[in-house]
Visitor: 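The structure is given below, and queries will be raised subsequently.
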Protein chains: 2
Amino acid sequence: MKTNTLDAFQVIADPSRRQMLMMLSKDSMTINAIADNFDMSRPAVSKHIKLLYTAGFITIKDIGRERHCILKQDGFQELQDFINFFDKFWTARLGKLQSILNSKQAKHGRD
Amino acid sequence: MKTNTLDAFQVIADPSRRQMLMMLSKDSMTINAIADNFDMSRPAVSKHIKLLYTAGFITIKDIGRERHCILKQDGFQELQDFINFFDKFWTARLGKLQSILNSKQAKHGRD
DNA sequence: TATTTGTGTAACCTAAAAGTTACATATTAT
DNA sequence: ATAATATGTAACTTTTAGGTTACACAAATA
């Protein structure tokens with residue numbers, strides 16, 4: 001059994017895919033509309049879209065023969081959690097530094 | 001002139017490197033100490049560390065023959081910015097949805 | 001109905017990533 | 001001085017990612 005649920009970090013590692021996400025934040029777009037903005041073949045774009053879809057970054061709404069790509073929050077969650085973890089880390093570190101400074105200040109008296 | 005400043009997104013795309021960052025959030029570690037926690041050769045770890053260093057995720061303090069790896073915030077900035085952008089996006093979208101709901105409520109009167 | 005349009009997929013190629021082993025080198029310990 | 005330790009790097013291999021072209025097919029249009 002192969003658990004191959006493509007990981008969000010890998011998905012956004014590709015600059016083209018990041019750009020697609022940025023574009024979709026302006027408005028939903030069809031696959032072809034997206035492809036027009038890239039210097040690569042349409043099938044290549046199609047693949048990227050599939051990845052974005054599989055990893056939960058977008059939803060796709062079929063309208064006739066067109067497929068409209070719409071941003072979806074799910075895929076971002078894992079990234080948000082990761083960044084959040086380190087945000088807290090840096091904040092905590094800053095807090096510790098300041099309390100050290102404060103205790104020094106207390107020891108030596110201020111001014 | 002080759003501008004090859006390895007991109008932060010690509011650096012964290014690798015699960016091992018992410019794990020190294022997590023480990024370093026507990027405490028700074030030498031290269032060998034890090035390598036002990038992974039099922040790969042020491043030179044492989046060495047390479048990962050070099051990437052993390054180059055991309056600004058860690059600082060390295062040489063103490064004798066040991067190299068101590070210490071987490072550094074710089075590398076995270078680009079990721080934070082990216083996530084931040086989409087955080088704002090989702091928040092804004094939620095706001096829009098709510099104002100639509102509100103205006104509907106106003107139209108029909110409340111209750 | 002014939003054609004064009006919007007798309008997915010398979011087969012293939014190439015380049016880059018990630019790993020390995022072998023070796024070099026500086027520091028520390030004996 | 002010798003041996004052991006902590007590391008970097010080069011050369012090489014394998015796997016995977018990202019791209020291409022060629023083809024299939026359903027929906028829209030003429």
Side-chain angles (χ1 to χ4, degrees), chain A residues 2-24 27-70 75 78-79, chain B residues 2-24 27-70 75 78-79:
Chain A
K2 202 175 151 204
T3 313
N4 205 4
T5 312
L6 187 43
D7 134 27
F9 294 92
Q10 222 160 310
V11 170
I12 61 153
D14 185 279
S16 302
R17 287 195 290 263
R18 287 201 302 275
Q19 205 183 325
M20 290 176 192
L21 292 176
M22 297 297 283
M23 288 169 44
L24 290 174
D27 208 347
S28 70
M29 299 173 79
T30 66
I31 311 262
N32 268 345
I34 294 170
D36 286 344
N37 291 274
F38 288 88
D39 186 27
M40 69 176 87
S41 71
R42 204 256 321 146
V45 171
S46 199
K47 272 194 196 174
H48 284 303
I49 294 297
K50 193 175 184 180
L51 287 192
L52 289 172
Y53 173 74
T54 305
F57 283 93
I58 61 173
T59 281
I60 300 183
K61 192 176 190 175
D62 290 22
I63 300 180
R65 64 190 165 189
E66 293 180 341
R67 315 199 73 198
H68 293 257
C69 304
I70 302 140
E78 199 179 349
L79 309 176
Chain B
K2 201 176 151 204
T3 313
N4 205 2
T5 312
L6 187 43
D7 134 27
F9 294 93
Q10 221 160 314
V11 170
I12 61 152
D14 186 280
S16 302
R17 287 195 289 265
R18 286 201 302 276
Q19 205 183 325
M20 290 176 192
L21 292 176
M22 297 298 282
M23 288 169 46
L24 291 174
D27 208 347
S28 70
M29 300 172 79
T30 65
I31 312 262
N32 267 345
I34 294 170
D36 286 345
N37 291 274
F38 289 88
D39 185 27
M40 69 176 86
S41 71
R42 204 255 322 143
V45 171
S46 198
K47 273 194 197 175
H48 284 302
I49 293 297
K50 193 176 185 180
L51 287 192
L52 289 172
Y53 173 75
T54 306
F57 284 92
I58 61 173
T59 281
I60 300 182
K61 192 175 189 176
D62 290 22
I63 301 181
R65 63 189 165 188
E66 292 180 340
R67 314 199 75 196
H68 293 258
C69 304
I70 301 140
E78 199 179 349
L79 309 176

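Chain naming here is simple, since letters A, B, ... match the order of the sequence lines and numbering starts at 1 in each. Quick note: numbers below take in every heavy atom, side chains included, and nothing from hydrogens, waters or symmetry partners. The structure displayed is predicted, hence computed values, not measured ones.
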Visitor: Just the rounded figure in Å: distance from C1' of dA16(C) to CD of Q10(B).
Guide: 9 Å
Visitor: Expressed in angstrom and rounded to an integer, what is the separation of L52(A) atom CG from dG18(D) atom P?
Guide: 11 Å
Visitor: Are more than 12 heavy atoms, taken from residues, nucleotides or ligands other than D39(B), located less than 6.0 Å from that residue's CG atom?
Guide: no
Visitor: Looking at every heavy atom in both A13(A) and A13(B), which two are closest together, and how far apart are they?
Guide: CB-CB, 3.7 Å
Visitor: Between D7(B) and R18(A), is there a salt bridge with N-O shorter than 4.0 Å?
Guide: yes
Visitor: What's the CD1-P distance between I49(B) and dA6(D), to the nearest Å?
Guide: 16 Å
Visitor: Measure the distance from CG on D62(B) to P on dT25(C) and round it to the nearest whole Å.
Guide: 18 Å
Visitor: Measure from the side chain of T30(A), starting at C-beta and using heavy atoms only, and say which of dT20(C), dT7(C), dG19(D) lies closest.
Guide: dT7(C)
Visitor: CZ of F9(B) versus P of dA17(D): gap in Å, rounded?
Guide: 19 Å
Visitor: Does the protein touch nucleotides 21-30 of chain D at the base, only the backbone, or not at all? Give it as B, S and - per nucleotide, heavy atoms under 4.0 Å.
Guide: BB----BS--
Visitor: State whether N32(B) places a side-chain N or O below 4.0 Å from either non-bridging phosphate oxygen (OP1 or OP2) of dT7(D).
Guide: yes
Visitor: Whole angstroms only, please: what is the CG-P distance between D36(B) and dT5(D)?
Guide: 13 Å
Visitor: Looking at every heavy atom in both M23(B) and N37(B), which two are closest together, and how far apart are they?
Guide: CE-ND2, 3.5 Å
Visitor: May I ask you to evaluate whether S46(B) reaches the phosphate of dG8(D), defined as a side-chain N or O under 4.0 Å from OP1 or OP2?
Guide: yes
Visitor: Which atom pair, heavy atoms only, marks the closest approach of V11(B) to A55(B)?
Guide: CG2-CB, 3.6 Å
Visitor: Look only at the side chain of T54(B) and the backbone of K50(B), and say whether a donor-acceptor pair between them is shorter than 3.5 Å.
Guide: yes
Visitor: Side chain of D14(B) only, heavy atoms from C-beta on: which candidate in dG8(D), dA18(C), dG19(C) is closest?
Guide: dA18(C)
Visitor: Kindly point out which of dG18(D), dT9(C), dT7(D) is positioned nearest to the side chain of R67(B)?
Guide: dT7(D)
Visitor: Check step by step if side-chain contact (heavy atoms from CB on, under 4.5 Å) holds for F38(A) and Q19(A).
Guide: CA-CA 10 Å; F38(A) 288 88; Q19(A) 205 183 325; 3.7 Å; yes
Visitor: Nearest to the side chain of H48(A), which nucleotide is it out of dG19(D), dG18(D), dT9(C)?
Guide: dG19(D)
Visitor: To the nearest angstrom, how far is L51(B) atom CG from dG8(D) atom C1'?
Guide: 14 Å
Visitor: Less than 4.0 angstrom between a side-chain N/O of K50(A) and OP1 or OP2 of dT7(C), yes or no?
Guide: no
Visitor: Taking atom types as they are modelled, is there a donor-acceptor pair under 3.5 Å from the base of dG19(C) to the side chain of K47(B)?
Guide: yes
Visitor: Whole-Å distance between dG8(C) C1' and I31(A) CD1?
Guide: 9 Å
